[in-house]
Amino acid sequence: MGRNDCGIAPLTPSPSPRVEIRPKAACLFSVVVAIDFGTTSSGYAFSFTQDSEAIHMMKRWEGGDPGVANQKSPTCLLLTPHLRFHSFGFAARDFYHDLDPEEARHWLYFDKFKMKIHSTSDLTMETELEAVNGRRVRAIEVFVHALRFFREHALKEVKDQSSSVLEGEEIRWVITVPAVWRQPAKQFMREAAYLAGLVSPDCPEHLLIALEPEAASIYCRKLRLHQVIDLSVQPITNGGTHTDTPNTGYSREQLRRSRHSRTFLVESGTGELWSELQTGDRYVVADCGGGTVDLTVHQIEQPQGTLKELYKASGGPYGAVGVDLAFEAMLCQIFGEDFIQSFKAKRPAAWVDLTIAFEARKRTASPGRTNALNISLPFSFIDFYKRHRGQSVEAALRRSNMNIVKWSSQGMLRLTQEAMNELFQPTIINIVQHIEELMSKPEVRGVRFVFLVGGFAESPMLQKAVQKSLGRTCRIIIPHDVGLTILKGAVLFGLDPTVVRVRRCPVTYGVGVLNRFVNGRHPRDKLLIKEGREWCTDIFDRFVSVDQSVALGEVVKRSYTPARTGQRKIIINIYCSTTDDVVYISDPGVRKCGTITLDLPEAGAEGGTGAAGGGSPERREIRATMQFGDTEIKVTAVDVTSSRSVRASIDFLSN
């Protein structure tokens, strides 16, 4: 632990955050465009500030699966062998499929790449992603290509709808991220948006990072009773009987029907759902997506309808992708892992076809289903196996003793209900456990309401499991257009980001400082003697604590002073911990997570600090103000002597 880390002595003690009511900035933008960048599917929607009750969903995509007015597109991206952008979404999927197998090996196809940002513990601008063919590219480049694609599509559509031509300044962009993402991942998305040309780094306020379950919650609080499906075990009043199964057939039909409209109207106030349900004002949003499960607990504050977070965001990497990975593991078990790896490398496009075929069937899996699910194996898979192993796929199946997977003469794998259960269970158990764990926390006890949202919430397998676990104590509500809930909420968040008034801190943040050394209280190995004075190094100066409530506009202030005259920069390391019992920055579980940089203008140039009355140069004081109540941490600073603002930046990526 470097001692020079702590060469800053705070001039002010550590007060708790205080609220400064910030004046509401004048509305300078005329349209909000939200991008829901999902693990498996993505989309955008927009709304004009003059007509903010209408949310316009993106146009139907070329190449979408027939029969669905696809308002979201698969999150997959194709680069040419020369690393140039080729296509995104259905277009990328279809073009890659049609490539000659030999040629396909040179193209770079990426899917489900958002997962990497969550799973990388030391994310930087240099972090790499691997394409299906094994070639590696910097992750930031892939994200920039995807965001640039969305920017172009969205701008074209906004301009088609609005006669007044829009300039960049008139648009507020919103990008969604999981609430369980750490600061580096949020900053990564922001940097990608700058590079993709959504906004300029000089106008950071034109881009908002929205948290996915929070966006869903903002939309859910506007719902009306006819816009939701209630999965709960409810006594049916007229016949006096209990029903134990939700009407999933009906709910699927409702979901299907609601997908065909492209403009949605939302309530101006809070939806009537709340008055009709009369179960208090606290609820859990379980956002079950492709990559993560993300849980948030909110309370509606009446009469203004703002939201207050009651417990820090929780969840983890337990999304629908887990089912796909289980399918891949099953194939490895049957055909051998070496064969599957070799097939992926030599026939990447056919491998992608196989995963798409599985995903399509996965959506139709339901608990009551008796007949098997058929997944057609690409011809090249059957052929490749025969040439590699000298025997048929059918023989491999027989030899594997996998009784739950059969072979059909039409070239299909038949997955029995038992096989589907085996693929779904690990992921579903994780999700249900996460929700149950959250519901047992003292702050959450007595919450009678769970909103199930996100793409995976459409799965009858997941619906049934959540209903079985929680249906007797909670109302489980699914919005009709469950896959679009986050997208619509992200637009509403862009129109009014102050709607979430209080958030909970996910971790404890602070810096290392020097304090006067106290014999008997401070350990000897922390003693530093500087200019004849005894200091204790590595003291943790806490800004905010884990799970602390922080209101929008609440600030933490600290004053710092340069160590020597003529110093042009103060760099302060930020440390974080998942617990609150931190005393020293060297304590176990404390890690350096970022830096604050304060750029100091030359004092002389300011006419500020000359010699004070006593003839010695005055100590310059830089006052830094930090906000932790937003979706991202923000910092500003001012030179106290000259009252000029100082360039302040906070960085979690180059750590």
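FYI, the numbering just counts along the sequence from 1. Predicted model, so just to flag it, every value in this text is computed and none were measured.
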(request) Report yes if some heavy atom in the side chain of Pro204 is under 4.5 Å from a heavy atom in the side chain of Glu632; otherwise report no. (result) no
(request) State, with a plain yes or no, whether a side-chain heavy atom of Val293 is found less than 4.5 Å away from one of Asn430. (result) no
(message) Check this for me, if you would: do Arg136 and Glu130 make a salt bridge, where the nitrogen-to-carboxylate-oxygen distance has to be below 4.0 angstrom?
(response) yes
(request) First locate atom CD1 of Ile334, then atom CZ of Phe339, and finally report the distance between them rounded to the nearest 0.5 Å. (result) 11.5 Å
(message) Quick check: closest heavy atoms across Tyr109 and Ala92, and the distance to 0.1 Å?
(response) CE1-O, 4.0 Å
(request) Sort out for me which residue in Arg347, Gln341, Lys346 forms a side chain to side chain contact (heavy atoms under 4.5 Å, CB included) with Phe343. (result) Arg347
(request) Could you grab the distance from atom NE2 of His206 to atom CD of Glu170, nearest 0.5 Å is fine? (result) 10.0 Å
(message) Under a 3.5 Å threshold, yes or no: a donor from one side chain and an acceptor from the other, between Thr595 and Asp651?
(response) no
(request) Kindly check if the number of other-residue, nucleotide or ligand heavy atoms within 6.0 Å of CD (Glu205) is above 12? (result) yes
(request) Taking Thr578 for its side chain and Val507 for its backbone only, find out whether a donor-acceptor pair lies under 3.5 Å. (result) no
(request) Could you tell me whether a side-chain N or O of His56 sits under 3.5 Å from a main-chain N or O of Phe46, the two making a donor and an acceptor? (result) no
(request) Return the minimal non-hydrogen interatomic distance between Pro348 and Tyr96, and the atom names on each side. (result) CB-OH, 2.9 Å
(request) Just jot down the side chain to side chain donor-acceptor pair (under 3.5 Å) partners of His298, sequence neighbours excluded, or say none. (result) Ser217
(message) Testing the basics here: between Met57 and Ala45, what is the closest heavy-atom pair and its distance to 0.1 Å?
(response) SD-CB, 3.9 Å
(request) Please examine the side chains of Phe335 and His388, heavy atoms only from C-beta on, and report whether any two atoms are closer than 4.5 Å. (result) no
(message) Please report whether the ring centroid of His145 lies less than 6.0 Å from that of Phe149.
(response) no
(request) Please identify each residue that fulfils side chain to side chain donor-acceptor pair (under 3.5 Å) with Arg389, with sequence neighbours left out. (result) Asp338
(message) Distance check, rounded to the nearest 0.5 Å: Leu397 atom CG versus Leu413 atom CG?
(response) 6.0 Å
(request) Ignoring hydrogens and angles, state whether a donor on the side chain of Thr75 or Ser42 is under 3.5 Å from an acceptor on the partner side chain. (result) yes
(message) Under 4.0 Å between a side-chain nitrogen and a carboxylate oxygen: does that hold for Lys72 and Glu458?
(response) no
(message) side-chain contact (heavy atoms from CB on, under 4.5 Å), that's the test. Do Asp547 and Tyr311 meet it? Break it down for me.
(response) CA-CA 7 Å; Asp547 208 31; Tyr311 189 74; 3.6 Å; yes
(message) When you compare the side chain of Val142 with that of Val137, does any pair of heavy atoms fall below 4.5 Å?
(response) yes
(request) For the pair Arg93 and Glu359, find out whether any cationic side-chain nitrogen is under 4.0 Å from an anionic carboxylate oxygen. (result) no
(message) Quick check: do Val174 and Val33 have side-chain heavy atoms less than 4.5 Å from each other?
(response) no
(message) For a quick test of reading the model, state the closest non-hydrogen atom pair linking Met330 to Ile404 and the distance between them.
(response) CE-CD1, 4.3 Å
(request) Mind listing the closest non-hydrogen atom pair of Pro178 and Asp294 along with its distance? (result) CA-OD2, 3.0 Å
(message) Between Gln433 and Tyr318, is there a side-chain heavy-atom distance shorter than 4.5 Å?
(response) no
(request) Indicate yes or no for a side-chain donor-acceptor contact from Arg504 to the backbone of Val297 under 3.5 Å, with no hydrogens or angles considered. (result) no
(message) Can you see whether Glu157 engages Tyr44 through a side-chain donor-acceptor pair at a distance of less than 3.5 angstrom?
(response) yes
(request) Quick one: closest heavy-atom pair of Lys186 and Thr631, and the distance? (result) NZ-O, 2.9 Å
(request) Would you sort out whether Phe652 and Phe188 count as a ring-ring contact (aromatic ring centres under 6.0 Å, His included), showing the intermediate values? (result) CA-CA 9 Å; Phe652 292 97; Phe188 182 90; over 10 Å; no
(request) Mind checking the OG1-CE spacing from Thr427 to Met461? Nearest 0.5 Å is all I need. (result) 11.0 Å
